[in-house]
Amino acid sequence: MTEKDINDIKIYHYSCVDSTNKLAQNMENYLHLDTIVSDSQTAGRGRMGREFFSYNGGLYMSVILDPSKIKIPLHLCTPSAALAVKKALEKRGVENIYVKWVNDLLIDDKKICGILSESRTVDSKIERVVIGIGINLEINKDGFPDSIANKAGYANYNGGKLDLASDIAQNIGEYIKSNTEAIIEEYTKNMAWLGKEVEVTDYADSNKKIEGIIIGVNQDCFLKFQTREGNVRFLSSGEIL
Ligand code: BTN
C-alpha cells in the first residue's frame, strides 16, 4: 500500500484488495474525504448483493465521509457521486456520459460506472458514510463475464488513476456541501433516456415491471415516470432495464 496526498485528498493506494468499501468501513483514524483506491478487487460489492466485476483496467475506490460535513439529505450522496465521477471524467476528455437512474453511468447505453454507498452505524448513529465507486476505464483484454457482456462498457481513459480518484473525492466534497435543488437540476439534465420509453423493475412493488416514459426525478431523486396508461408514478427504488 502507498499513501499519497493529492490536492488535499489522502489516497491509500493498493494493487489488490477484497473490497475497498470493506476496508473503508473498517479503517481507523480516518479523516473526511480520505480515499481508498485499488487497481483490482477479489470481492467487489455491488447493489442488491451482487458481485462487482473488478478487473485490472478499472478504478475501484471508496471515499469516507464524516456525516457532520454532509449538508444535503443523505440519500442524495449517491446521485451526487455519480455527478462527481461524470465531471472528473469529462475534465479528462471523456464524452457522452449519462446517468442511469439511480446511480450508474453510461456511455453509448453501456454501463461504465457503478456506485454503492454504505454507512457504518455505532450506537444507532451514523458514524461514517462510505461512497464506493467502480469505473471501467480501459478495455479488458479477456472481455467481460457473460452475465454483463452485453451491458458493460468502458470510459476509454488510460491517464492517471490517482489524480482521477482525488478529483472525484474533491467533487463529492463540493456536492455534499451544496443543496438539493442544484443537485436535482444537474442530475435531471444528465439523465439517460429522458423522454424515452423504457421498462422499469419496481423494487418497492414486488419487482413488478412497468413500461413508460422517463420524465425526470423529484427532490428525493425518486424516478418520475409516466406509464403507458398515462399515470405519473414516482419510484423510490428500482432498475431501468
Ligand atoms: C453496482 O453497480 O452495483 C455498484 C458497484 C459498486 C462497486 C464499487 S467498486 C469500489 C467499491 N468497493 C466495493 O466493494 N464496491 C464499490
Side-chain angles (χ1 to χ4, degrees), residues 45-50 52 65 67 70-90 94-119 126 129 131-135 147-148 150-153 168 171-172 174-241:
R45 309 208 278 236
R47 280 176 81 207
M48 317 292 297
R50 296 181 195 130
F52 189 75
L65 305 180
I70 303 176
K71 304 298 172 208
I72 56 171
L74 275 189
H75 61 269
L76 292 185
C77 286
T78 317
S80 297
L83 297 175
V85 174
K86 177 178 152 67
K87 199 169 175 179
L89 285 173
E90 280 174 348
V94 182
E95 293 175 338
N96 298 319
I97 307 171
Y98 291 92
V99 188
K100 178 187 168 203
W101 181 80
V102 56
N103 49 18
D104 290 344
L105 291 180
L106 307 180
I107 293 179
D108 293 337
D109 291 350
K110 305 268 189 199
K111 175 167 171 172
I112 62 141
C113 171
I115 301 173
L116 176 71
S117 299
E118 299 177 302
S119 49
I126 295 181
V129 173
I131 311 274
I133 299 168
I135 313 172
S147 55
I148 56 166
N150 62 350
K151 0 181 217 199
I168 292 171
N171 291 347
I172 290 175
E174 292 302 318
Y175 280 110
I176 61 170
K177 283 193 292 188
S178 71
N179 59 72
T180 299
E181 288 68 30
I183 291 167
I184 294 298
E185 192 187 334
E186 189 175 335
Y187 186 96
T188 307
K189 271 194 214 145
N190 289 293
M191 278 176 84
W193 309 315
L194 203 55
K196 300 257 164 62
E197 186 160 315
V198 295
E199 189 179 59
V200 181
T201 303
D202 186 356
Y203 290 152
D205 187 7
S206 324
N207 293 345
K208 217 185 249 167
K209 296 201 185 335
I210 334 166
E211 287 177 1
I213 294 169
I214 298 182
I215 304 174
V217 286
N218 70 5
Q219 297 294 295
D220 292 316
C221 211
F222 288 8
L223 183 72
K224 191 171 178 191
F225 186 77
Q226 181 167 21
T227 64
R228 281 212 157 150
E229 297 72 42
N231 304 319
V232 174
R233 299 265 309 266
F234 291 93
L235 269 58
S236 59
S237 98
E239 187 145 7
I240 302 172
L241 300 173

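In what follows, every heavy atom counts, from backbone to side chain, and hydrogens, waters and symmetry copies are set aside.
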Using every non-hydrogen atom in the two residues, find where [X] and [Y] come nearest and quote the distance to one decimal.
X    : Y    : result
I72  : Y175 : CG2-O, 3.8 Å
T188 : I184 : OG1-O, 2.7 Å
I135 : V85  : CD1-CG1, 3.7 Å
P73  : T180 : CD-OG1, 3.4 Å
I215 : F225 : CD1-C, 4.2 Å
I172 : A84  : CG1-CB, 3.6 Å

Count the heavy atoms of every other residue, nucleotide or ligand shown that sit under 6.0 Å from [atom1] of [X], and state whether that count exceeds 12.
X    : atom1 : value
Y203 : OH    : yes
K224 : NZ    : no
D108 : CG    : no

Tell me, do [X] and [Y] make a side-chain contact under 4.5 Å, heavy atoms counted?
X    : Y    : result
F234 : V232 : yes
L223 : V200 : yes
M191 : W101 : yes
K209 : L241 : yes
E90  : I97  : yes
K100 : I240 : yes
Q226 : N231 : no
R47  : V102 : yes

* Run the numbers on C77 and I131 for side chain to side chain contact (heavy atoms under 4.5 Å, CB included), then give the verdict. => CA-CA 8 Å; C77 286; I131 311 274; 3.8 Å; yes
* To do: Given side chain to side chain contact (heavy atoms under 4.5 Å, CB included), test L235 with I210 step by step and report yes or no.
  => CA-CA 11 Å; L235 269 58; I210 334 166; 4.2 Å; yes
* To do: Verify salt bridge (charged side-chain N to carboxylate O under 4.0 Å, His left out) between R50 and E239, making sure each step is shown before the conclusion.
  => CA-CA 14 Å; R50 296 181 195 130; E239 187 145 7; 3.1 Å; yes
Report the distance from atom [atom1] of [X] to atom [atom2] of [Y], rounding to the nearest 0.5 Å.
X    : Y    : atom1 : atom2 : value
L105 : I133 : CG    : CD1   : 9.0 Å
C221 : H75  : SG    : NE2   : 7.5 Å
Q219 : L76  : CD    : CG    : 8.5 Å
I70  : L65  : CD1   : CG    : 4.5 Å
N103 : S117 : CG    : OG    : 7.0 Å
I107 : K110 : CD1   : NZ    : 12.5 Å

Any salt bridge linking [X] with [Y]? Criterion: basic side-chain nitrogen under 4.0 Å from a carboxylate oxygen.
X    : Y    : answer
K111 : D104 : yes
R228 : E211 : yes
R233 : D202 : yes

* Asked: Taking D220 for the side chain and F222 for the main chain, is one N or O donor matched with an acceptor at less than 3.5 Å?
  ->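 Between the backbone of F222 and the side chain of D220 there is no qualifying donor-acceptor contact (under 3.5 Å).
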* Y187 (side chain) donor-acceptor with V99 (main chain) under 3.5 angstrom ->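 No: the side chain of Y187 does not pair with the backbone of V99.
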* To do: Applying side chain to side chain contact (heavy atoms under 4.5 Å, CB included), run through W193 and L106 and close with a yes or a no.
  => CA-CA 11 Å; W193 309 315; L106 307 180; 3.6 Å; yes
* **Chi angles and distances behind the side chain to side chain contact (heavy atoms under 4.5 Å, CB included) call for L116, F52** => CA-CA 10 Å; L116 176 71; F52 189 75; over 6 Å; no
* Does any donor atom in the side chain of K86 or N190 lie under 3.5 Å from an acceptor atom in the other side chain? ->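 Present: a donor and an acceptor within the cut-off.
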